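Okay, so here's the structure we're looking at.
The figures that follow rest on heavy atoms only: side chains count, while hydrogens, waters and symmetry mates do not. Just so you know, these numbers come straight off a predicted model, no measurement behind them.
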Amino acid sequence: MAVEGGVDDGQSLPVVTVCVGSYGMFQHVTLEIGLLTQFQQAVFGEGGVPHQFAAGKVIVGIGDEGTQVLDDVAHYCLVDFVGEIVSMRTAHIGLHAMAQRVESSADDLFHRQSLCQVAVEYGERMVSTDKRLEAFQTQDDPSLAALYYNYGRYLLISSTRPGSLPPNLQGLWANEPATPWNGDYHTNINVQMNHWPVEPCNLSELYQPLVDLIKRLVPSGKETAKAFYGPEAKGWVLHMMTNVWNYTAPGEHPSWGATNTGGAWLCAHLWEHYLYTGNKQYLADIYPLLKGASEFFYSTMVREPEHGWLVTAPTSSPENEFYVSKKDRTPISVCMGPTMDIQLVRELYTHVIEAASILHTDSLYANQLKEASAQLPPHQISKKGYLMEWLKDYEETDVHHRHVSHLYGLHPGNQISLYYTPELAEACKVTLERRGDGGTGWSRAWKINFWARLGDGNRAYTLFRNLLYPAYTQENPNEHGSGTFPNLFCSHPPFQIDGNWGGTSGISEMLIQSQDGFINLLPALPDSWKEGNLYGFKVRGGAMVSMKWKEGKPVEVILTGGWNPNVKIKMPEGITEVSVNGEKRKAEKFVELTVPEGEIARLRF
């Protein structure tokens, strides 16, 4: 919230500008302007007594002349914002008191967690952020990663709250009514990337707006399933984009609009929230969403003619194209069974099966999904050693394409693991080498996460440096490229907030991982991050981890138990002994502990 004017003690109303969407108190202004069917001016009455406002109106500004109210904002106005503001005004709560309340809420969230690293000396003078970004391309700056990580958490906290909307491509910082890509939600990477850091960053409640958005998509998704895939299609489907009007149909161009696994990808986030919270009531609430998404694929997948595999069709590997032969150089995008689709369907089926078991329901349907899972195509490695993106080893039209969708199983999924599927992990390395370290801002951010999952901290750090490449300099202010703006916003170009949160996620993945069933400490630490400390990081199972490290090795870990008391920690390389709550143990490959929820285990190495 930005406040202009003097101190407000509740006795008067100074000129005030409200950042619409700030801290989740208000909706995104760009979306609201697009929704308006009527505009009404209303003012507070004499003595601070407000006029009566109907639910569904949204205040966008307060000034000397009174309060502007936008009326009739259609179906997506989720909270009676006006009622909240009116009650504050009636109770003589001043604007600075409102701001303090918001700031206090943000502080509570922000100070749950932090990342600190040794700072680089810049001499006696402070260096501005733009100069620091430029210097980072040629000299090391570990503390810049800590700043970027903590800044990413700040952006998340500022973007949304339960009862609001999830952040879109620009978050609440869209600065024009006609935002790029209509300010919508892209579900073939972007809105998902926005939420990658939420759980590890200890901001679990900020998932709720995304959960609510998914729930509202289901009725539209059911209609889309039957309209586009026939009357026998069951469940619900979402393609590669949606918006506040619950759009679920295919998009205009087949290279991106034909992808029909957007809903499956969002369901992965529903399951991830359960893994961190262990809330069975929540799981029962979202189980129909998971099941409905799986029913769509179970009822619409077809047999691939050569092997008889079950595959999605028609579909596409997000935004990428290929040639069918050396002679025919027509770019093709529509296909059947691209690798990402199969990974998402396999993952979705697995989650439904697990959820049904936990909730003691749908055992027959779970068995049907198990049988269908066994008929999905396997991962395939090309003769050149890279993971194949399509059922056949087609030639990409652009080998350096920004999307690397077929590595979904490596990140954010966990079907490909350095520890459990080393051959596939090696194929992912070859794939990333072919794709290169360039790409749009968010693409570079995703590659940080890939390399972190592959245990290569120095390569992940190289991608972080590429992500922070100056999008423009003072010498060339009008030449915007991929990278980072001087205020640390990510440049696609244009500005997209997803790259910020993809980078935040990547730093988290470099420091702590838990997707393989155990806690992996410092799995991809760059050589230059020799020492540092963090606190409040969350892992799957709900435990919270704080850690200090020196010379690239953890020296102390404080683990607070979560909903799953059984904790398994992978011992770092070179560690031969560990002390757990003062009791020395020989360090095997793993240390297994029982830490009840809320209790603390102290480990010293």
Side-chain angles (χ1 to χ4, degrees), residues 186-189 228-230 237 239-241 249-262 264-265 297 300-346 372 374-410 413 415-416 421 423-440 442-443 446-447 450:
H186 288 187
T187 57
N188 61 5
I189 179 63
F228 286 88
Y229 297 88
V237 64
H239 293 80
M240 67 70 56
M241 66 180 180
E252 295 96 331
H253 194 282
S255 73
W256 50 270
T259 303
N260 63 7
T261 45
W265 194 335
F297 294 104
T300 61
M301 292 179 78
V302 299
R303 294 284 178 185
E304 177 267 343
E306 186 172 344
H307 302 89
W309 293 325
L310 287 173
V311 295
T312 52
T315 183
S316 61
S317 188
E319 304 185 33
N320 206 357
E321 297 176 318
F322 58 90
Y323 302 118
V324 295
S325 69
K326 292 292 184 182
K327 293 182 178 180
D328 187 348
R329 309 309 281 176
T330 304
I332 302 295
S333 54
V334 176
C335 63
M336 64 173 66
T339 298
M340 187 192 78
D341 276 16
I342 302 307
Q343 292 170 337
L344 283 165
V345 171
R346 182 184 293 114
Q375 301 175 64
L376 297 175
H379 287 105
Q380 299 183 85
I381 300 175
S382 74
K383 293 180 180 179
K384 295 182 179 180
Y386 53 80
L387 192 70
M388 287 168 50
E389 187 166 357
W390 296 279
L391 290 175
K392 295 186 177 181
D393 192 14
Y394 295 119
E395 177 190 354
E396 311 101 317
T397 58
D398 178 10
V399 71
H400 302 302
H401 196 271
R402 60 193 176 277
H403 282 264
V404 199
S405 304
H406 48 313
L407 298 198
Y408 173 89
L410 174 65
Q415 295 171 47
I416 300 174
T421 59
E423 184 179 0
L424 290 175
E426 182 60 32
C428 290
K429 289 183 181 180
V430 177
T431 301
L432 289 170
E433 293 288 0
R434 292 181 77 244
R435 277 291 201 265
D437 292 345
T440 57
W442 62 261
S443 177
W446 197 0
K447 292 171 185 175
F450 287 142

message = Using only atom types and a distance under 3.5 Å, with no angle test, would you say the side chain of E396 pairs donor to acceptor with the backbone of D398?
response = no

inquiry  = Treating R346 as the side-chain partner and P377 as the backbone partner, does any N or O pair qualify as donor plus acceptor under 3.5 Å?
reply    = yes

ask   = Within a strict 4.5 Å, meaning less than it, do heavy atoms of the R402 and W442 side chains meet?
value = yes

Side-chain heavy-atom pair K384, V430 within 4.5 angstrom cut-off = no

query = How many angstroms lie between atom OG1 of T315 and atom CG of N260, to the nearest 0.5 angstrom?
reply = 4.5 Å

Heavy-atom closest contact (L387 atom, C428 atom, distance) = CD2-SG, 4.4 Å

message = Strictly distance-based, threshold 3.5 Å: is any side-chain N or O of K392 a donor or acceptor partner for the main-chain N or O of V324?
response = no

request  = Using a 4.5 Å cut-off on heavy atoms from C-beta on, say whether the side chain of E395 contacts that of R329.
outcome  = yes

message = Test your reading of the model: is there a side-chain donor-acceptor pair from S316 to the backbone of S333, 3.5 Å cut-off?
response = no

inquiry  = Quick check for you: to the nearest 0.5 Å, what is the distance between L410 atom CG and L424 atom CG?
reply    = 10.0 Å

ask   = Donor-acceptor pair, Q415 side chain versus Q343 backbone, under 3.5 Å?
value = yes

remark   = In short, W446 meets S405 closest at the heavy-atom pair CH2-CA, 4.0 Å

Atom pair NE2/CZ of H239 and F228 - distance to nearest 0.5 Å = 7.0 Å

query = Between S382 and M388, is there a donor-acceptor pair closer than 3.5 Å when you use the side chain of the first and the backbone of the second?
reply = no

query = Checking T261 side chain against A264 main chain: does a donor-acceptor pair fall under 3.5 Å?
reply = no

task = Verify whether one side chain among E319 and H253 offers a donor that lies under 3.5 Å from an acceptor in the other.
result = no

Closest contact, heavy atoms only, E304 versus L391 = CG-CD1, 3.8 Å

key: Heavy-atom side-chain proximity of L310 to R303 below 4.5 angstrom   = yes

ask   = So do the side chains of S317 and F322 get within less than 4.5 Å of each other, counting heavy atoms only?
value = no

query = Quick one: CG on L432 to CZ on F450, what's the gap to the nearest 0.5 Å?
reply = 6.5 Å

task = State, to 0.1 Å, how close W390 and C335 come at their nearest heavy-atom pair, and which atoms those are.
result = CD1-SG, 3.7 Å

query = Measuring from H406:NE2 to Q380:CD, what's the distance to the nearest 0.5 Å?
reply = 12.0 Å

task = Of all the heavy-atom pairs spanning M336 and A313, show the shortest one and how long it is.
result = CB-CB, 3.7 Å

task = Please answer whether the main-chain N or O of R435 pairs with a side-chain N or O of H400 as donor and acceptor at a distance below 3.5 Å.
result = yes

query = Got a second to check how far M340's CE is from I189's CD1, nearest 0.5 Å?
reply = 9.0 Å

task = Mind checking ring pair (Phe, Tyr, Trp, His ring centres under 6.0 Å) for Y323 and listing every partner two or more places apart, or none if nothing turns up?
result = none

query = Looking only at heavy atoms, which two atoms of V334 and P254 are closest? And how far apart?
reply = CG2-CB, 3.5 Å

query = Which of parallel (below 30°), tilted (30 to 60°) and perpendicular (above 60°) describes Y408 and W265?
reply = perpendicular

key: Partners meeting ring pair (Phe, Tyr, Trp, His ring centres under 6.0 Å) with H401 (sequence neighbours left out)   = H403

query = Is any side-chain heavy atom of E389 less than 4.5 Å from a side-chain heavy atom of T431?
reply = no

task = Could you tell me which residues satisfy ring pair (Phe, Tyr, Trp, His ring centres under 6.0 Å) with H307, sequence neighbours excluded, listed by chain and number?
result = W309

